[in-house]
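Worksheet: one structure, shown below.
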Amino acid sequence: MGCTALVLAVTGTTPAQAGQRAGAERQVLPAGDGWAAYGAGTTGGAAADRSHVYTVTTWEQFKAALADGGSAPKIIRVRGTIDADGPSCDSFAVPGYDFGAYLAKYAPESWGRTTTLDGEPADSPEGLRRASAANQDAYIKAEVPANTTVIGVGKDAGFNGASLQIKGVDNVIVRNLRFESPLDCFPQWDPTDTADGNWNSEYDSAVVYGSTHVWMDHDTFTDGDHPDSTLPYYFGRIYEQHDGELDIVKGADYVTASWNAFEDHDKTILVGNSDSAATAAVDRGHLKVTFHHNLFRNLVERAPRVRFGQVDSYNNHFVAGDGYSYSYGIGMESQLVAEHNAFTLPAGAKAGSILKKWKEAPVTAADNYVNGRRTDLIAVHNAEVPGETLQSGAGWTPALRTRVDPARAVPGLVGHRAGAGRLG
Ligand code: CA
Ligand code: CA
């Protein structure tokens, strides 16, 4: 381990060589640019000294760089696409784990649909699944310390199958990286989740968990080569191996997501992950997030689904595809402001579906355009979805915006500039 760190630490930085605007790795969030600019703002590792600037090309090097130097400011430059998913799913399986035995034991015809598998012992198929899942968990998760900038070099940097954990820390910047969603090798069968049961998966591409001052900028999140359409079915249910693209949970606060592309995925972004009393106690008064100039393309739902937080979503372009369900989920005690956004819906998709009411919570929606026409999202929702009346007026006015573009200009701007590989 010491050897690896030594190799990493001697890597110098010459931004000009990267073909990237000089100094991108030391850029900080501009003043006033969304909720992450609140208070002390977000500087990531901009103040790193030369011994805390790393260039990495493998998952092992990346994890070693994260672990080196504690919370001293650091910059980690990612070169090329790094495989974070290990050699194979089999490499994580513990001795004795057998998916065929799992399917045989928990088939609804024999196991039924009323008992979860949580009480199953360690030597059961579920116990062996749990142990195998723990191996994958330890491998694909990487914990980002405070005062860190992780930035892709050039136009083709990113991770396949990584799960970035921004957990319990302050001041993190993640830029110019393409994240291909992790695939859970060991989804768990829950016979009690819906009347038909469900396969549930772990691992978001990135999760902001109880952290503050986080800037996610010019990143791409996608299922890439592994869309849900390629996944098999067992017990009549899709064998879901994906979780979220970017989840913001457990009292996280002051997050700005700008100029990202969220693509080709089902459940995309949670802001708050539960209505439970314990979660409410942690989330209430937090979960303040700004989304601006992002592309949300070919997603099913949650762009985002909001609980508790004051979320400002402006100047984003939403492009719906087949299987579109909704864009904004209005959840418990949320105060969403959605303004100056553009929506491109295919024939047959209804503008009333853009908002989805989960709980009684107010929302501000103004100056949004659907297929080029200015549209009152709340009025069209209330007209098209009987029994789900949304109330207008989120009760706060976003102040942290640097530049608001005309909604009609947003598809062109975002189309040319959002996502990884476009930092300039
Ligand atoms: Ca691999
Ligand atoms: Ca998640």
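Whatever order the structure lists them in is the order used to number ligands and atoms, beginning at 1.
Neighbouring protein atoms of the Ca ion (ligand 2) (N, O or S, distance under 3.0 Å, waters ignored): Asp204 OD1, Asp204 OD2, Asp243 OD2, Asp247 OD2.
Within the structure, every pair that satisfies the disulfide bond (SG atoms under 2.5 Å apart) test and touches residues 55-161, not counting sequence neighbours, is listed here: Cys89-Cys185.
Each of Phe221, Phe179, Tyr203 was compared with Phe159 under the ring pair (Phe, Tyr, Trp, His ring centres under 6.0 Å) criterion, and only Phe179 meets it.
A distance of 9.5 Å separates CZ of Arg79 from CG of Asp156, quoted to the nearest 0.5 Å.
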Taking only distance into account, with no hydrogens and no angle test, what donor-acceptor pairs under 3.5 Å do side-chain atoms of residues 280-289 form with protein atoms, sequence neighbours excluded?
unit_1 : atom_1 : unit_2 : atom_2 : d
Asp283 : OD1    : Lys250 : N      : 3.4
Asp283 : OD1    : Gly251 : N      : 2.6
Arg284 : NE     : Glu333 : OE1    : 2.8
Arg284 : NH2    : Glu333 : OE2    : 2.9
His286 : ND1    : Asp253 : OD2    : 2.9
Lys288 : NZ     : Gly285 : O      : 2.5

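Contacts of Lys63 classified as side chain to side chain donor-acceptor pair (under 3.5 Å), with partners at least two apart in sequence or in another chain: none.
Salt bridge status for Glu240 with Arg237: absent, with no side-chain N to carboxylate O gap under 4.0 Å.
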